[in-house]
> 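Once you've had a glance at the structure underneath, I'll fire off some questions.
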Number of protein chains: 2
Amino acid sequence: MARAAPESNPHRRIAAISAAMPPGVTPKGARGRILNAALCLFADHGYGGTSVRDICSAAGAQPTTLYAHYPSKEHVLAEIIRLGHEEHHRRLRDALLTAQPDPTQQLSALVRAHVQSHCDYSMLAVVATAELHALSAEMATPILTLRAQSERLLIDVIERGIEQGVFNVPDTVMALRAIGGMGMRVAYWYEPGCGRTPEEVGGFFAEFARRIVGVMNA
Amino acid sequence: MARAAPESNPHRRIAAISAAMPPGVTPKGARGRILNAALCLFADHGYGGTSVRDICSAAGAQPTTLYAHYPSKEHVLAEIIRLGHEEHHRRLRDALLTAQPDPTQQLSALVRAHVQSHCDYSMLAVVATAELHALSAEMATPILTLRAQSERLLIDVIERGIEQGVFNVPDTVMALRAIGGMGMRVAYWYEPGCGRTPEEVGGFFAEFARRIVGVMNA
DNA sequence: GTCTATAGATAGATAGAC
DNA sequence: GTCTATCTATCTATAGAC
């Protein structure tokens with residue numbers, strides 16, 4: 001029983017259509033087309049629901065052209081997930097570096113970056129998070145390290161806000177999970193035609209985050 | 001290249017280990033064992049990453065015993081997803097029915113139910129949401145209807161809170177997405193040994209939800 | 001209902017011509 | 001680097017004995 005073709009199935013995993021990659025990271029030529037095709041298919045059907053043939057076909061290539069550029073399907077997924085996490089971490093880091101040095105401004109900047117990244121690169125974000133479990137342990141390890149570093153950025157800001165008496169948080173870990181989690185879900189429902197820009201969504205969620213940590217006016 | 005065995009891969013998609021089902025919904029005998037085994041495997045490896053053989057083996061049955069109880073692998077997934085959504089909706093409805101009739105109490109009750117459900121049945125919640133896209137359109141339609149009804153419960157409470165001047169929300173849809181999304185992510189990190197009970201987590205997230213809608217003291 | 005055996009399709013991956 | 005052909009393993013699902 002063949003899997004339904006993408007266009008015959010009206011309910012999709014993610015609202016976004018385009019597979020935008022961060023500027024400058026997409027490889028040139030067939031390797032780049034394969035990477036982009038894989039990103040779209042992994043986002044829609046998952047890693048396990050996508051065959052190498054599907055990817056090559058969507059990339060306009062022959063059924064095994066992928067193997068001229070990647071050792072395996074898993075290596076394609078690993079590159080996508082790596083690119084996604086690197087872009088996400090870069091945005092968080094840049095946001096922190098340019099924010100005013102008080103916890104409220106830093107929290108706002110982090111959440112805006114987190115959410116905007118999930119809007120601008122929603123397919124990348126979904127695949128990077130939802131398909132991470134499909135990677136072998138050794139390919140996942142460096143990714144998990146980077147994830148922990150990104151999480152650390154937010155934890156540190158929350159803890160400093162509490163220490164300075166600016167934040168009123170009943171539980172640091174719970175606040176971290178709530179703020180991080182509400183931003184991660186954005187990748188599933190955001191699409192450019194939804195009536196909001198990524199900046200607007202980031203602004204709303206930054207306000208929600210400030211409220212979660214007990215800062216009502218910022 | 002065979003997929004790595006579950007126990008050889010230390011990074012899992014979800015923290016929880018047990019595949020608890022709501023009381024009274026698990027079928028008796030082999031059909032129930034197959035359903036539970038499928039739930040665990042779908043939660044860990046995804047629908048596309050799990051074979052019928054895997055399910056039967058985990059259920060202690062022969063490789064094709066599944067077909068004596070279900071017409072196809074997709075029907076097993078459909079039953080799991082249906083049970084998950086029904087339990088979730090039942091909890092939300094019961095929470096609303098027993099809550100005091102003011103928007104703040106109703107919001108608190110809804111979020112507690114939403115979060116506790118994602119703690120108590122985390123595998124069910126993850127599979128019900130993350131694998132919904134693997135269902136064909138016709139099998140997904142009734143589920144999507146139920147999802148919309150559950151979402152409607154929360155929207156109505158938020159809108160009534162705004163109308164009564166109790167809530168201060170910059171954007172209803174954004175608040176809905178934030179509150180719903182932070183609760184959905186709970187299923188990925190909650191586990192019984194994490195130091196918090198589902199009631200405690202529900203309490204923290206209800207507080208966060210109240211703060212998101214601008215209610216600081218409740 | 002459960003077993004063995006297996007059909008028929010498709011998966012990931014490789015070899016060698018060009 | 002791309003194409004054709006293909007290997008081997010595995011997949012979903014079925015048939016028929018017990």
Side-chain angles (χ1 to χ4, degrees), chain A residues 1-6 8-9 26-39 41-42 44-81 127 131 133-136 138-139, chain B residues 1-6 8-9 26-39 41-42 44-81 127 131 133-136 138-139:
Chain A
M1 189 177 295
R3 182 177 53 255
S8 74
N9 196 335
T26 307
K28 299 298 174 191
R31 186 180 167 102
R33 290 200 311 277
I34 286 170
L35 200 69
N36 268 294
L39 173 56
L41 291 167
F42 291 164
D44 269 341
H45 309 297
Y47 177 75
T50 303
S51 73
V52 172
R53 284 169 172 80
D54 293 336
I55 298 168
C56 292
S57 171
Q62 295 304 313
T64 60
T65 299
L66 183 146
Y67 294 104
H69 303 276
Y70 294 93
S72 73
K73 188 174 86 158
E74 189 187 0
H75 282 79
V76 179
L77 177 66
E79 179 157 329
I80 291 172
I81 294 182
V127 173
E131 305 299 333
H133 69 97
L135 288 182
S136 65
E138 63 180 356
M139 294 193 105
Chain B
M1 190 177 293
R3 183 177 51 257
S8 75
N9 196 333
T26 307
K28 300 298 174 194
R31 186 182 167 102
R33 290 201 312 276
I34 286 169
L35 200 69
N36 268 293
L39 173 56
L41 290 166
F42 292 164
D44 268 342
H45 309 297
Y47 177 75
T50 303
S51 73
V52 173
R53 282 172 170 80
D54 293 336
I55 298 168
C56 292
S57 171
Q62 295 304 311
T64 61
T65 299
L66 182 147
Y67 294 104
H69 303 275
Y70 295 93
S72 72
K73 188 174 86 159
E74 188 186 359
H75 283 79
V76 179
L77 177 65
E79 179 157 328
I80 290 172
I81 293 182
V127 172
E131 304 299 333
H133 70 98
L135 287 183
S136 66
E138 64 180 354
M139 294 191 108

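In what follows, chains carry the letters A, B, and so on, assigned in the order in which the sequence lines appear, proteins first and then strands, with residues in each chain numbered from 1.
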> Return the value, rounded to whole Å, for the distance between atom OH of Tyr70(A) and atom P of dG1(D).
12 Å
> Taking the side chain as every heavy atom from C-beta outward, state whether Arg31(B) and Tyr70(B) have any pair of such atoms under 4.5 Å apart.
yes
> What pairs of nitrogen or oxygen atoms, one from the protein and one from nucleotides 6-8 of chain D, lie under 3.5 Å apart?
none

> Measure across Pro27(B) and Glu79(B) and return the closest heavy-atom pair with its distance rounded to 0.1 Å.
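Smallest heavy-atom distance, with atoms named: CG-OE2, 3.8 Å.
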> Given dT2(D), dT2(C), dA13(D), which nucleotide is nearest the side-chain atoms of Ser72(B)?
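Closest of the options to the side chain of Ser72(B): dA13(D).
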> Would you mind reading off the distance between Leu77(B) atom CG and dT12(D) atom P, rounded to a whole angstrom?
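Roughly 13 Å, once rounded to whole Å.
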> Tell me whether the OP1 or OP2 atom of dT2(D) has a side-chain N or O from Gln62(A) closer than 4.0 Å.
no
> Kindly compute the distance separating NZ (Lys73(A)) from CD1 (Ile34(A)), expressed to the nearest 0.5 Å.
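Spacing of NZ (Lys73(A)) from CD1 (Ile34(A)) equals 14.0 Å.
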> Provide, to the nearest angstrom, the distance between the OH atom belonging to Tyr67(B) and the C1' atom belonging to dG8(C).
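My rounded result for the distance is 13 Å.
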> State which residues pass side chain to side chain contact (heavy atoms under 4.5 Å, CB included) with Arg33(A); sequence neighbours excluded, sorted by chain then number.
Ala30(A), Ala59(A)
> Can you check the His75(B) NE2 to dT14(D) P distance for me, whole Å?
11 Å
> Look at the side-chain N and O atoms of Thr65(A) and state whether any lies under 4.0 Å from the OP1 or OP2 oxygen of dC3(D).
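For dC3(D), OP1/OP2 do have a side-chain N/O of Thr65(A) under 4.0 Å.
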> How many whole angstroms separate atom CD1 of Ile55(A) from atom P of dG12(C)?
8 Å
> Looking at the side chain of Ala30(A), which of dT2(D), dG12(C), dT2(C) is the nearest nucleotide?
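In terms of side-chain proximity for Ala30(A), the closest of dT2(D), dG12(C), dT2(C) is dT2(D).
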> What heavy-atom pair brings Ala134(A) and Glu74(A) nearest, and what distance separates the two atoms?
O-OE2, 4.3 Å
> Using whole Å, what does the distance between atom P of nucleotide dG1(D) and atom CD1 of Ile34(A) come to?
11 Å
> Quick check for you: to the nearest 0.5 Å, what is the distance between Ile80(B) atom CD1 and Leu135(B) atom CG?
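So the CD1 of Ile80(B) and the CG of Leu135(B) are separated by 10.0 Å.
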> Roughly, in whole Å, what's the span from NZ in Lys73(B) to C1' in dT14(D)?
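Result: 17 Å.
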> Does the pair Asp54(A) and Ser51(A) meet the rule for a side-chain hydrogen bond (donor to acceptor under 3.5 Å, both in side chains), with working shown?
CA-CA 5 Å; Asp54(A) 293 336; Ser51(A) 73; 3.1 Å; yes
> When the distance from NE2 of His45(A) to C1' of dA11(C) is rounded to whole Å, what number comes out?
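Rounded to whole Å, this separation is 16 Å.
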